[in-house]
Each structure stands twice: as structure tokens, then as C-alpha cells.
Peer 1: 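If you scroll down you'll find the structure; I have some questions about it.
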Amino acid sequence: METTTREIKRIGVLTSGGDAPGMNAAVRAVVRTAIYKGIEVYGIRRGWHGLITNDVIRMNNDDVSHIINRGGTVLFTARSDDFRTKEGRKKAYDTCKFLGLDGIVAIGGDGTFAGCMALSSEYPISVVGIPATIDNDIGCTHYSIGYDTAANTAIDAIDKLRDTMASHERCSVIEVMGHRAGNLAMYVGIATGATAVLVPEEDYDFEKHVASKIRQAKLGGRTHYMIIVAEGAKRNTDGSLDNETVGNGSAGEQVADALRKEMGLDPRVTVLGHIQRGGSPSARDRVTATRMGYFAVMAILEGKTNIVIIHDHGQITTMDMTEALAMKNELNADEVEVLEAMTASPLDHF
Ligand code: F6P
């Protein structure tokens with residue numbers, strides 16, 4: 001972690017990558033803390049793209065009134081290809097110089113932090129990252145803003161689905177977000193009492209991870225089954241299954257196809273999709289975002305730079321950004337173990 005003794009007069013705040021409920025609460029906390037400490041704040045709109053195009057607004061306390069409860073991000077968000085180029089970052093730094101920014105607080109995921117690193121390694125600008133993604137897949141932090149709200153949104157939908165699936169004694173396949181990470185799928189699977197959960201981290205064996213769990217559940221007296229599938233989950237084909245067997249649809253559709261063809265079931269597929277990214281943030285997300293936003297500004301004032309604000313076993317603290325980016329996301333081992341026990345058959349040992 002680097003420190004600088006430069007006086008901090010003006011900072012920028014942006015949101016980048018996929019939005020997450022609680023981003024607004026973080027923006028609000030950054031603005032309010034900065035003003036409280038006598039620092040001016042510019043909101044940079046549409047992520048790094050806004051820094052390249054000087055799409056900025058001066059933000060005062062009033063500008064962040066009544067946003068703590070709103071999903072999405074009032075600053076808009078975008079993924080910028082231009083910022084991946086040296087020319088793009090040069091333009092972005094020109095905007096920082098033009099505005100007199102001493103630091104930038106960037107709210108987003110790993111991609112956002114990689115952008116921070118690229119900029120600060122080329123130019124003398126302080127960067128601080130705040131983790132926000134419903135995937136909760138940032139290796140350096142135990143918690144990312146938006147995860148709790150997204151999980152509760154999914155749980156609410158799945159509980160409703162269960163009512164109708166139970167009534168019709170059906171099998172339900174629910175696809176949740178998570179292209180590269182199964183944290184959300186697993187968490188939601190534990191919370192809803194799923195029959196099986198499929199994640200991107202391990203290619204699933206249809207017989208072992210789905211069919212046998214359904215058969216065991218049936219032996220145990222169940223008449224409906226809930227299969228939670230992360231959108232990035234893939235079937236292990238062992239090179240022996242052709243494309244037609246695996247199917248071409250989404251991860252959820254593929255599981256449903258196999259349930260039809262290989263088990264003779266009549267499943268219904270629900271893709272929860274972007275609904276999981278919206279909605280009013282939960283208390284946990286509002287409070288975590290507010291603590292992180294406050295901490296980010298205080299860290300800048302203490303002269304810290306190139307850091308990520310992290311959640312470490314309930315404590316909000318900082319980590320060097322290079323170190324943070326090198327940390328790989330892993331599924332929570334305790335949750336994996338618990339889920340295994342919860343989806344195993346009670347008849348296994350008899
Ligand atoms: O926010 C994270 C995430 O939801 C991933 O799980 C998903 O793969 C991705 O965003 C999709 O984002 P978009 O539709 O905005 O490209």
C-alpha cells in the first residue's frame with residue numbers, strides 16, 4: 001500500500017461494471033464524508049467512459065438525498081473498451097488534471113479495480129476501490145455490496161416458485177446469475193432448501209449431482225424438486241457426450257433437457273436474470289456500503305492509495321490493490337460442506 005502526503009482538495013467517484021443494489025448508498029457515503037471533511041466531489045458518470053469524455057457533475061449533499069434506498073446507480077455504469085487502451089487512459093487522466101482531482105473512488109468489481117491499477121500505474125492519481133457486485137466473487141473481500149439484496153430477491157422468487165411446484169408435484173430448474181462464480185447459487189440454494197445446486201467452479205456430472213439427488217429425495221418422500229443452476233454451470237461431458245445430448249440453451253435449459261431425456265421428468269425453467277441486480281438494497285447492503293464509502297474517503301485523507309476497501313470477517317479494512325487483484329475467488333468451504341449435507345439423502349446410511 002502506498003501513502004502520499006499530498007493535500008486532498010477534490011475527489012471523483014464512479015460506478016463501473018454490473019450494477020449492484022447499494023452502489024447508491026456507497027456514492028452517498030463518499031459524497032457526504034468528503035463534504036464533511038471539506039473536500040469537493042465530482043460524480044463521474046458511466047464509469048471510466050465518463051472520465052474519458054469528461055462526463056462529470058459536481059455533487060453536494062442534496063444530490064445524494066433519498067438515494068440510499070434506491071437500487072441501480074444514479075451515476076450510471078458502463079464497461080469501457082476505450083479505457084483498456086493507453087490513449088483512453090491518457091484522456092481519462094487529462095480529465096483528472098483538468099478537474100484537479102486528487103483521488104478517485106471506484107465502486108465495482110475486479111474489472112473496475114484492474115482499471116484503477118492501470119490508471120494509477122501510469123499516472124500520479126490516488127485510487128481506492130469499493131467492492132460491489134451481486135456475484136460476491138471478489139477474492140480479496142468476504143463481502144461485496146449487493147450480494148445480500150440479490151440473494152434475498154432470488155430467495156423470494158424461489159419461495160414463490162416452490163408453492164406452485166409443490167402443488168403440481170413438479171421439478172423446477174431455477175437459473176440464477178453467476179457467470180464465473182457460484183457463490184450466489186450456493187447461498188440461495190442453502191437458503192431455499194434446494195434439491196441440488198450447480199456452480200461454474202466444477203463441471204457437473206448429471207447422474208451424480210442431479211439425477212441421484214432427485215432419486216434420493218423421491219425415496220425420502222419428496223414430490224417436487226428444486227434445482228438451482230448458476231448461469232455459468234457446465235456439464236462434464238468426459239468427451240463422451242455430443243452437443244445434442246448436452247443441448248444448446250442456457251445452463252438451466254440444458255439441465256431441464258437432461259431431466260426430460262434422461263429422467264422422463266417434465267421440469268419448468270425459470271431464469272431469474274437481471275431482476276437479481278435491481279431493487280431497494282437490504283439493510284446489510286445499505287450499512288456496508290455506507291461504512292465502505294466512509295472508509296474510502298478517510299483512507300484517501302490518510303494518504304493511502306492503490307487500495308481496496310474490504311470486508312474481513314465483519315471488519316471494514318483496506319488491502320493493497322495489487323495484492324487484492326492477485327487473490328482468487330473461492331467458494332466458501334463451510335457453505336460447500338453444509339450444502340453437501342443438506343442435499344444428501346437421509347436414507348444414505350440405512
Ligand atoms: O453483476 C454480475 C453479473 O450479474 C454476472 O453474474 C453476469 O454474468 C453478468 O453480470 C451479466 O452482466 P451484463 O448482462 O450486464 O453483461
Side-chain angles (χ1 to χ4, degrees), residues 2-20 23-24 26-35 37-64 67 72-132 292-293 296-301 303-309 321-322 324-325:
E2 295 160 43
T3 53
T4 161
T5 50
R6 203 160 22 139
E7 195 199 347
I8 307 295
K9 292 197 190 109
R10 203 168 292 135
I11 60 169
V13 56
L14 61 83
T15 51
S16 171
D19 64 343
M23 276 184 162
N24 281 330
V27 170
R28 173 182 178 271
V30 168
V31 171
R32 294 242 159 130
T33 308
I35 289 169
K37 292 287 175 186
I39 302 170
E40 287 177 13
V41 192
Y42 278 88
I44 299 153
R45 306 204 303 170
R46 303 180 176 84
W48 299 114
H49 181 71
L51 201 59
I52 292 173
T53 56
N54 194 10
D55 183 4
V56 300
I57 41 166
R58 236 334 260 290
M59 294 187 94
N60 285 309
N61 277 333
D62 282 357
D63 299 308
V64 290
I67 67 167
T73 162
V74 293
L75 289 177
F76 304 104
T77 183
R79 295 184 171 101
S80 168
D81 286 336
D82 285 349
F83 194 72
R84 293 180 205 279
T85 66
K86 272 191 174 271
E87 297 72 41
R89 291 194 292 275
K90 159 95 178 55
K91 284 187 195 154
Y93 183 64
D94 286 345
T95 304
C96 295
K97 269 203 310 195
F98 174 73
L99 296 171
L101 298 184
D102 301 304
I104 293 178
V105 179
I107 305 165
D110 271 339
T112 306
F113 303 158
C116 286
M117 280 307 292
L119 186 68
S120 75
S121 63
E122 290 162 9
Y123 300 102
I125 180 98
S126 259
V127 287
V128 175
I130 294 183
M292 287 185 167
V297 176
M298 296 309 283
I300 291 180
L301 275 173
K304 292 181 184 159
T305 182
N306 291 354
I307 50 163
V308 180
I309 308 299
M321 203 174 265
T322 311
L325 277 171

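Nothing fancy with the numbering, it's 1 onward along the sequence.
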Peer 1: Provide the closest heavy-atom pair for G293 versus A29 in the form atom of the first, atom of the second, distance.
Peer 2: CA-CB, 3.9 Å
Peer 1: Mind running side-chain contact (heavy atoms from CB on, under 4.5 Å) on I130 and V30 for me, showing each step along the way?
Peer 2: CA-CA 10 Å; I130 294 183; V30 168; 4.3 Å; yes
Peer 1: Could you walk me through whether L75 and I107 satisfy the side-chain contact (heavy atoms from CB on, under 4.5 Å) test, starting with their C-alpha distance in whole Å, then the side-chain angles of each, then the deciding distance to 0.1 Å, before giving a yes or no?
Peer 2: CA-CA 11 Å; L75 289 177; I107 305 165; over 6 Å; no
Peer 1: To the nearest 0.5 Å, tell me how far I125 CD1 sits from K97 NZ.
Peer 2: 11.0 Å
Peer 1: Does any N or O in the side chain of D102 come within less than 3.5 Å of the main-chain N or O of S126, such that one atom is a donor and the other an acceptor?
Peer 2: no
Peer 1: Determine whether a donor-acceptor pair (N or O, by modelled atom type, separation under 3.5 Å) exists between the side chain of R32 and the backbone of N61.
Peer 2: yes
Peer 1: Taking all heavy atoms of V308 and all of P131, pick out the closest pair and write down the distance.
Peer 2: CG1-CD, 4.3 Å
Peer 1: Donor-acceptor check, side chain of S121 to backbone of A118, threshold 3.5 angstrom: yes or no?
Peer 2: yes
Peer 1: Does some side-chain heavy atom of L119 sit less than 4.5 Å from a side-chain heavy atom of I104?
Peer 2: yes
Peer 1: Over all heavy atoms of both residues, which pair between A132 and A20 is shortest? Give the atoms and the distance, please.
Peer 2: C-CB, 4.2 Å
Peer 1: Using the salt bridge (Lys or Arg N to Asp or Glu O under 4.0 Å) rule, take K91 and D94 through it: C-alpha gap first, then chi angles, then the decisive distance, then the call.
Peer 2: CA-CA 5 Å; K91 284 187 195 154; D94 286 345; over 6 Å; no
Peer 1: The test is side-chain contact (heavy atoms from CB on, under 4.5 Å); show your working for V56 and L99 and say whether it passes.
Peer 2: CA-CA 9 Å; V56 300; L99 296 171; 3.9 Å; yes
Peer 1: Please give me the minimum heavy-atom distance between L101 and Y42, naming the atom from each residue.
Peer 2: CD2-CD1, 4.0 Å
Peer 1: Using 0.5 Å steps for rounding, measure from the CD1 atom of I309 to the CE atom of M321.
Peer 2: 8.5 Å
Peer 1: Could you list the donor-acceptor pairs under 3.5 angstrom formed by side chains in residues 11-19, with sequence neighbours left out?
Peer 2:
from : atom 1 : to   : atom 2 : distance (Å)
T15  : OG1    : T73  : OG1    : 2.9
T15  : OG1    : F76  : O      : 2.9
D19  : OD1    : R277 : NE     : 2.8

Peer 1: Does the side chain of V41 reach to within under 4.5 Å of the side chain of D63, using non-hydrogen atoms?
Peer 2: no
Peer 1: Just how far is it from atom CZ of R58 to atom CZ of R10, taken to the nearest 0.5 Å?
Peer 2: 7.5 Å
Peer 1: Can you name the closest pair of heavy atoms from A299 and I307 and give their distance?
Peer 2: CB-CD1, 3.5 Å
Peer 1: Sequence neighbours excluded and cut-off under 3.5 Å, please list the side-chain donor-acceptor pairs for residues 48-55, or say none.
Peer 2:
from : atom 1 : to  : atom 2 : distance (Å)
T53  : OG1    : H49 : O      : 2.9
D55  : OD1    : R45 : NE     : 3.1
D55  : OD2    : R46 : NH1    : 2.7

Peer 1: What distance separates K304 NZ from M298 CE, expressed to the nearest 0.5 Å?
Peer 2: 10.0 Å
Peer 1: Go through R89 and F83 one step at a time and tell me if the side-chain contact (heavy atoms from CB on, under 4.5 Å) criterion holds.
Peer 2: CA-CA 5 Å; R89 291 194 292 275; F83 194 72; 3.8 Å; yes
Peer 1: Restricting to salt bridge (charged side-chain N to carboxylate O under 4.0 Å, His left out), what partner residues turn up for K9, sequence neighbours left out?
Peer 2: none
Peer 1: At what distance, to the nearest 0.5 angstrom, does CD1 of I8 lie from CD1 of I39?
Peer 2: 6.5 Å
Peer 1: For N306 versus S120, what's the shortest heavy-atom pair and its separation?
Peer 2: OD1-OG, 2.9 Å
